[in-house]
Amino acid sequence: MKELICIVCPRGCHLTVDENNGYAVTGNFCKRGEVYGKAEVTAPVRVVTSTVAIHRASAKTAPDAAGGIEARCPVKTSDAIPKHLVLDAMQQIYAASVDLPVHIGDVVIHGICGTGADLVATKDILA
Amino acid sequence: MYDLIVVGGGPAGLAAAVKARECGLKKVLIVERSLQLGGILNQCIHNGFGLTYFKEELTGPEYAARFIKQVEGTDIEVRTDTMVLDITPDKTVHMVSPTLGYRAEQTKSIILAMGCRERARGALSIPGTRPAGVYTAGAAQKYVNIDGYMPGRRIVILGSGDIGLIMARRLTLEGAKVLACVELNPYSSGLNRNIVQCLNDFNIPLYLSHTVTNIQGESRVEKVVVSQVDDRTKAPIPGTEIEFECDTLLLSVGLIPENELTRDAGIALDPRTKGAFVYENMETSMPGVFACGNVLHVHDLVDFVTQEAQRAAEAAAEYVLKGQPSRENIIDVRTAGGVTYTVPQQICPENLKDEVRVFFRINRVFGKSEIVAKLGDKEIKVFKKPFMIPGEMQNVSIPAELLAGTHEDLTIEAREVTEPAADNGEVAK
């Protein structure tokens, strides 16, 4: 028996997962808790959120002076990726950058770390 | 003359403006101090937003974008980089910006949506020197996520509020070493899910019932001393000191609604929430002025901010289009048994449509418990809760018919249900 706190939503249900009984989940309020509980014990996954650098024409100046507000573009993995790949994914994210304009959903890295998930922009940044 | 001026273009202000326009207000203006709409969501790049409202998991910028797009699709006027200086009783909003200079705009109604700010070191009286390297967690979040700077390399976080927990993970992913998260209370003030995915995932220790008792360093933080505290008195216990060699201390020790404008306008503030006193329709003590979001009371979930802003906007539209609702019979909402405050604080039963949703927080961890709504001594409704923690705002919905015609005050009481002995086959936790 493994006790977990569900991270799917802010409710934070206290789950119990029974490894000896087909990973049966109890204590979940909704179906998503069952999926999470089983996955967390068998193959845990996480969505990774971070930022990537922005290429601006006048990149030598500070972001404000270049007319923009932010120096970084926020990104996320389009799906949860295996938890053990999170730090590898960050290595790829450190090296990535975007040209402007960028829109929500634009792919920054295809198939990050060989997973089926892409790294996508989460903000519209025009200039 | 505007129908509505919304002060603040964060999640509350955006949702309020869109809803007010939908409800028939024609001339709506959003005034935003920052360079862009979206408020604090712009720096909250993590996901977990929108599960209640959109039924999907969004990051902060994505959640904001949903509403910014809606605003852009309307004739709602937006003034960014514009600071509201004063709100006067004749509903004139005085503002200043680099492009328009000083303007005084008249309006029929106002929605206050200025959000909150962080408690800083000055509010804590931590002994020690005054070196660089002490930041609020939200300031650090802006440096990392928007400006692209790291605040430090070896980090201790005081307070286990959600921003602190989120920053523990964020800084770890960016290559910093987060040595400890230190919490004064015997429980975390953050959401459980953030303890799991931000601390436990990265083996960052959480020190409950501990606090920072000294900050050392000349020009930069060099060391932070942490001590255990007595759970009752909160006094540090000598001999329990732990020293952390670090260059940065982040503070995640609470948020304060930003109500200078509200106070200066002469609107009554609740010392418990540090926000305005409001009626069931989010109207403040000044007719035609409404408040919503973190400027009213600090929320943990933006989804509830959105819904609260929409209620304020509906009421503002009703005020402008139909006039001030009756305030003849007002009942107070009182608290008991560990409930620390409620929003709304006052209700006019005859103005209720279907129900009134009362939001509140509790002052300690509750196991299996009941929330009891009482009129005078009479219990009118009981809500069962499996567990409650202070970090999560609670709410109960009271049907209008239960309050119809009453002149008695409404009391919201929390009480723990004593567990029967675990002999009924259930596994004790």
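Order of the sequence lines sets the chain letters (A, B, ...), proteins ahead of strands, with each chain counted from 1.
A salt bridge does not link A/Arg72 with B/Glu174: every distance from a Lys NZ or Arg NE/NH1/NH2 to an Asp or Glu carboxylate oxygen is 4.0 Å or more.
When each of A/Pro74, A/Ala89, A/Ala121 is checked for heavy-atom pairs under 4.5 Å with chain B, A/Pro74 comes out on top. The candidate from B/Ile68, B/Asp201, B/Val144, B/Asn47 with the greatest count of non-hydrogen atom pairs under 4.5 Å with chain A is B/Asp201. Annotation: maximal heavy-atom pairing with chain A below 4.5 Å, among B/Asn145, B/Ile195, B/Leu173, occurs at B/Leu173.
If you measure heavy-atom distances from B/Asn42 to chain A, the contacts under 4.5 Å come from the side chain alone. At a 4.5 Å heavy-atom cutoff, A/Cys73 makes no contact with chain B through either its backbone or its side chain. Heavy atoms closer than 4.5 Å to chain B are found in the side chain of A/Ile104, but not in its backbone.
Annotation: B/Phe387 is not in aromatic contact with A/Phe29 [ring centroid separation under 6.0 Å not met].
At a threshold of 4.5 Å between non-hydrogen side-chain atoms, the residues A/His84 and A/Pro44 do not count as touching. Looking only at side-chain heavy atoms (C-beta outward), B/Leu35 and B/Thr80 stay at 4.5 Å or farther from each other.
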(request) Go through the steps for B/Arg66 and B/Glu56 under the test salt bridge (charged side-chain N to carboxylate O under 4.0 Å, His left out), then give the verdict. (result) CA-CA 12 Å; B/Arg66 297 271 169 118; B/Glu56 58 183 304; 3.1 Å; yes
